[in-house]
Amino acid sequence: MEAINGQTEVYAVLGKPVRHSLSPQMHNAAFSALGINAVYVALEVEDPSALSSTLRAMRNLGFRGANVTVPLKEAACAAMDRLDPEALRTGSVNTVQFTQDALSGFSTDGYGFVTAYEEAFGVGLRGSKVLVLGAGGAGRAVALTVAGQGAASMVLCNRTIQRAQEVSREITSQCPNVQVSAVGEAERVEAAAEVDVIIQSTSVGLHEGDVPLLDAAAFRPGQRFFDLVYSRNETVSVRAAREGGADAVSGLGMLLHQGAKSFSLWTGKTAPLEVMHAALLEALK
Ligand code: ATR
């Protein structure tokens, strides 16, 4: 990083909690590599209900850009003056651009997921039969993205089946060509046997001692498994999928690519992917 001085531009990720975020390491490494005089910090939003006034105050202070993370992505969407089509479609904003007259909101999560998926597996999702585990904020977003990519069919599986049913209805109204159903935990293993692709979007694997939702016996060679959870080594879910013969990756690539797109939106420059990836690996040590 260049020495901080009177010209240094400020960027931040807002969330609650947010101190665990790896975005500061990733973006500061990118600024440094490109010789941009800027700093990126993590700011915990004390009162999420005051997000709109917080963002306007940041614009007033000359912040150049921000990311917004859990649990503020929907509230951020409501606080924007302008939205890109993806933010509009998902009702979620993870990237804010501050300009003199407006707050502009973008969602780069879908791009990050699709880019990481295609990079990992060498193919896209079009025509695939997909199982999405989890229908919380992350699950809903990834399910809408997968549907928009032209999956042939989708099964949404959530512990609380009502949440899966709600997301399923949303997909049907946005993408009527995608065949979608909602199931509860009891049908998880059966559903896994029927699909080509399994996406793990629950919080399982974030904590020490977590047990994967599907064990090795639930997978087979030829299946692709994408875990939105990430860690330096294998996540517990990725380990089980690989033991079962599936091709499996964690969510680090998604974090990288959503961040790279935010970086480009703010700076107008191509993100230095290698540098950002190395910074993430270093931060996970
Ligand atoms: P996020 O925004 O990260 O998706 P969230 O909206 O709180 O967070 O959603 C967490 C997801 O993980 C939900 O799908 C949740 O299932 P419920 O809707 O039934 O709560 C899922 N989840 C968390 N712990 C789980 C567990 N032990 N077994 C199964 N699902 C779990």
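One-based numbering, in listed order, for ligands and for the atoms of each.
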Indicate whether any N or O donor in one side chain lies under 3.5 Å from an N or O acceptor in the other, for [X] and [Y].
X	Y	answer
Asn67	Ser23	no
Thr95	Gln97	no
Asp47	Ser49	yes
Asn37	Thr8	yes

* Asked: Does the salt bridge (Lys or Arg N to Asp or Glu O under 4.0 Å) test come out yes or no for Glu185 and Arg188, once each step is laid out?
  -> CA-CA 5 Å; Glu185 289 193 295; Arg188 190 191 296 141; 2.7 Å; yes
Which residue and heavy atom of the protein sit nearest [atom], plus the separation:
atom	value
atom 3 (O) of ligand 1	Ala138 CB, 4.3 Å
atom 14 (O) of ligand 1	Asn158 OD1, 2.6 Å
atom 9 (O) of ligand 1	Gly136 CA, 3.4 Å
atom 19 (O) of ligand 1	Thr160 OG1, 2.5 Å
atom 10 (C) of ligand 1	Ser203 OG, 4.3 Å
atom 27 (N) of ligand 1	Arg159 NH1, 3.5 Å
atom 6 (O) of ligand 1	Gly137 N, 2.9 Å

* Under 4.0 Å from a heavy atom of Leu213: give me the atoms of ligand 1 that qualify, with their elements. => 28 (N), 29 (C)
* Report, in ascending order of atom number, the atoms of ligand 1 lying under 4.0 Å from any heavy atom of Gly134. => 14 (O)
Ligand 1 versus [X], non-hydrogen atoms closer than 4.0 Å: side chain, backbone, both, neither?
X	answer
Arg163	side chain
Ala135	backbone
Asp210	neither

Could an N or O of ligand 1 be found under 3.5 Å from any N or O of [X], whether backbone or side chain?
X	value
Thr202	no
Gly139	no
Val70	no

* Around atom CD of Glu190, are there more than 12 heavy atoms of other residues, nucleotides or ligands at under 6.0 Å? -> no
* Asp81 with Arg56: basic N within carboxylate O range, under 4.0 Å -> yes
* Asked: Between Glu86 and Arg89, is there a side-chain N and carboxylate O pair less than 4.0 Å apart?
  -> yes
* **Tyr40/Phe31 aromatic ring centres below 6.0 Å** => no
* Asked: Under 30°, 30 to 60°, or over 60°: which ring-plane class applies to Phe121 and Phe226, parallel, tilted or perpendicular?
  -> perpendicular
